[in-house]
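Notes to accompany the following structure.
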There are 2 protein chains.
Amino acid sequence: MSRTGAIVDEPAKPKRTRIQRERRELIREAALEVFSQHGFRGSTIDQIAEAAGMSKPNLLYYFKSKEAIFVTLIDRLMEAWLAPLREMNADGDPATEIRSYIRRKVEMARDFPRESRLFANEILQGAPRIMPLLEGELKDLVDEKAEIIRQWIRQGKLREADPHHFIFAIWATTQHYADFDVQVRAVLGPEKGGESRFEDAAAFLEKLFLG
Amino acid sequence: MSRTGAIVDEPAKPKRTRIQRERRELIREAALEVFSQHGFRGSTIDQIAEAAGMSKPNLLYYFKSKEAIFVTLIDRLMEAWLAPLREMNADGDPATEIRSYIRRKVEMARDFPRESRLFANEILQGAPRIMPLLEGELKDLVDEKAEIIRQWIRQGKLREADPHHFIFAIWATTQHYADFDVQVRAVLGPEKGGESRFEDAAAFLEKLFLG
DNA sequence: GCAATTTTTGACCGTTTGGACAATCGTTAA
DNA sequence: TTAACGATTGTCCAAACGGTCAAAAATTGC
C-alpha cells in the first residue's frame, strides 16, 4: 500500500545507471542473435554471455534468468510487430494503404529477420508467453482493421475477400521471406536468390493482393 | 566391396522383426508429437519415451540416438511434403491444377499440423539436416513446376506473376494455418475460429491465387 | 520343454546447464 | 583519502540430460 506499491512482477524502481542501460541493451542484442538461431531451449546462457562479451555471472547480474531476457525481447518485439498494421489508415486510399503495409512488412522481413524468427519460434511452440496478448491486443487490432478492409470492399475499392484471411495471407507471405529464408535462397539459387529477392517479393505480393 | 557394401550410414541389413517395426513406428509417432511441440533441442529422450509408453533405455534399443529418431522423421516428412507439388500436371487445366494443389496443402495443414511444425522448426534453425535436399531435389522440383506455370501464364491461362514467388506464396499461406495455428485461432476468436477456418481459408486462397 | 534370441529395465556415468554466492575489482562522490 | 556502492568473476552446486551396460524377463524356434 505504501512505498513498494506493486505486488506484481516488474521492479517498482528500475532506476538504471548508464552502464546498466548499456549492458542490458548489449545483452538483448546478443540474446536476439542466439535465441533466433537456436530457440529458447536450444540457447544457453553461456552462449549469450559469450556473444555479449561477458561472463555468465555478469550477465545474470543484469538479468535474473534466461527467461527474463527472453521476456524483455518478446515485449519489445511485439511493439514493433504491431506498428505497421496500426498505421493502416481508414481515411487513406485503400490500394495505397495496403501497398504500404505490404512494403513495410517485406522491409521488416529483410531488415529484422531475427526478430521475425524469434516470433515465429514462440508461436510455433504454442505461444506460451504471449497468448494473452494474442487474444487481447492483437485480436482487437486485427478486428478493427478487418472492419476497415470490409468497408473498403463494400465501397468496391478492393476485391471481395474475407478480411481476416486477407490479413493472415499478408502476414504469412511477407514473414515467409524471413522465417524460411534458407529455403527461399536454396530454391531460388545463387542467381535469383541475391539481395533482389526482397524487391521481387514485394512486387509480386503487391500484384497478388491488389492486382 | 563384398557383403556389407555400404561404407555410408544406414544399416546394411535392417531385417526388422514384427515387434521392431511396430515399436519403431510407435516411437516415431511419439517423437513427432514431442519434437513438433518443443523442437529438437527442447525435447528430451525421456519425454519421447514416456509418450511412447516405454523406458528410455528401451527406446534407445530401437533408435541409437535422439538424432537418429529425428532423422527418420525428417526423411518421411520430406516425401509427404513434396508429393502434392509433384502431382501438379502440365497437361491438366491450369486453374484446376492450382486449385487442387491449394486444397491439398490446406488439407495437410489441417490433418498434419505436427509434421508442418516439425518442418518449419527445422527450416527456422537454418535447415542443418536437410540443406542438401533443399538445394537439390526441392530446387529441381520447384524449377520444373515453375516452368510449367510460366507456360500457363504465357498461354494466358493464369495471371502474370513470378512463378517461384507464386509457389512460395502458396506454401506460406497454406502452412500458416498449421504453423501459426494458435495465433490464427486467437485472432479469429471462438466464433470464427471453429473447425470451419480451414474451409474458409481454402475458399479465400482459391480466390486470391486464381480470382 | 528348452536353448537361443530378442526385448526390457534399473542402475549408473560423464557432461551440460541454469543459477547461487562470496570475494574481488572499479568507480564515484564526499 | 576513503567509505559506499556498482560491476565483475571464479567457484561451486543440484538438476537434467544423452547415452551405456549388464542383467533380467519375455519371446521365439526347435
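So you know, we letter chains A, B, ... as the sequences are listed, proteins then strands, and number each from 1.
D:dT8 atom P lies 10 Å from atom CG of A:L26, rounded to whole Å. If you measure from atom CE of B:M54 to atom P of C:dT9, you get 8 Å, rounded to the nearest angstrom. Rounded to a whole Å, the CD atom of B:Q47 is 19 Å from the P atom of D:dA15. Residue B:D46 contributes atom CG, which lies 15 Å from atom P of D:dT20 at whole-angstrom precision. Taking atom CD1 of A:I48 as the reference point, atom C1' of C:dT17 lies 12 Å away to the nearest angstrom. If you take NZ of A:K56 and P of D:dC13, they are 14 Å apart, rounded to a whole angstrom. To the nearest angstrom, P of C:dT7 lies 11 Å from CD of B:E22.
A cation-pi arrangement is present between B:R129 and B:F40 under the rule of less than 6.0 angstrom and at most 45 degrees off the ring axis. A cation-pi arrangement is present between A:R24 and A:F63 under the rule of less than 6.0 angstrom and at most 45 degrees off the ring axis.
Within 4.0 Å of A:I45, counting heavy atoms only, lie sugar-phosphate atoms of the nucleic acid but no base atom.
In the set C:dT8, D:dT8, D:dT20, the nucleotide with an atom closest to the side chain of B:Y62 is C:dT8. Of all nucleotides listed (C:dT9, D:dG18, C:dC21), C:dT9 comes nearest to the side chain of B:S55. When each of C:dC21, D:dG19, C:dT9 is scored by its nearest atom to the side-chain atoms of B:L60, the top-ranked nucleotide is D:dG19. Out of D:dG19, C:dT9, D:dT9, the shortest distance to the side chain of A:N58 is found at D:dT9.
Other residues, nucleotides and ligands contribute over 12 non-hydrogen atoms within 6.0 Å of the CD atom of B:Q37.
One finds no side-chain N or O of B:R23 lying less than 4.0 angstrom from the OP1 or OP2 phosphate oxygen of C:dT6. Note on B:Q20: a side-chain N or O is less than 4.0 Å away from OP1 or OP2 of C:dT7. A sub-4.0 Å separation between OP1 or OP2 of D:dT8 and a side-chain N or O of A:Y61 is absent. Between B:R41 and C:dT17, a side-chain N or O to OP1/OP2 separation shorter than 4.0 Å is present.
A donor N or O paired with an acceptor N or O is not found under 3.5 Å between the base of D:dG19 and the side-chain atoms of B:K66. Interface remark: the B:K64 side chain does not form any donor-acceptor pair with the D:dG19 base, using a distance-only criterion of under 3.5 Å.
Between A:F166 and A:F209, the distance from one ring center to the other falls under 6.0 angstrom.
If A:T44 and B:L59 are placed on DNA chain C by their nearest nucleotide, the residue sitting closer to the 5' end is B:L59.
Taking CD1 from A:I149 and CD from A:E97, the interatomic distance works out to 10.5 Å, rounded to the nearest 0.5 Å.
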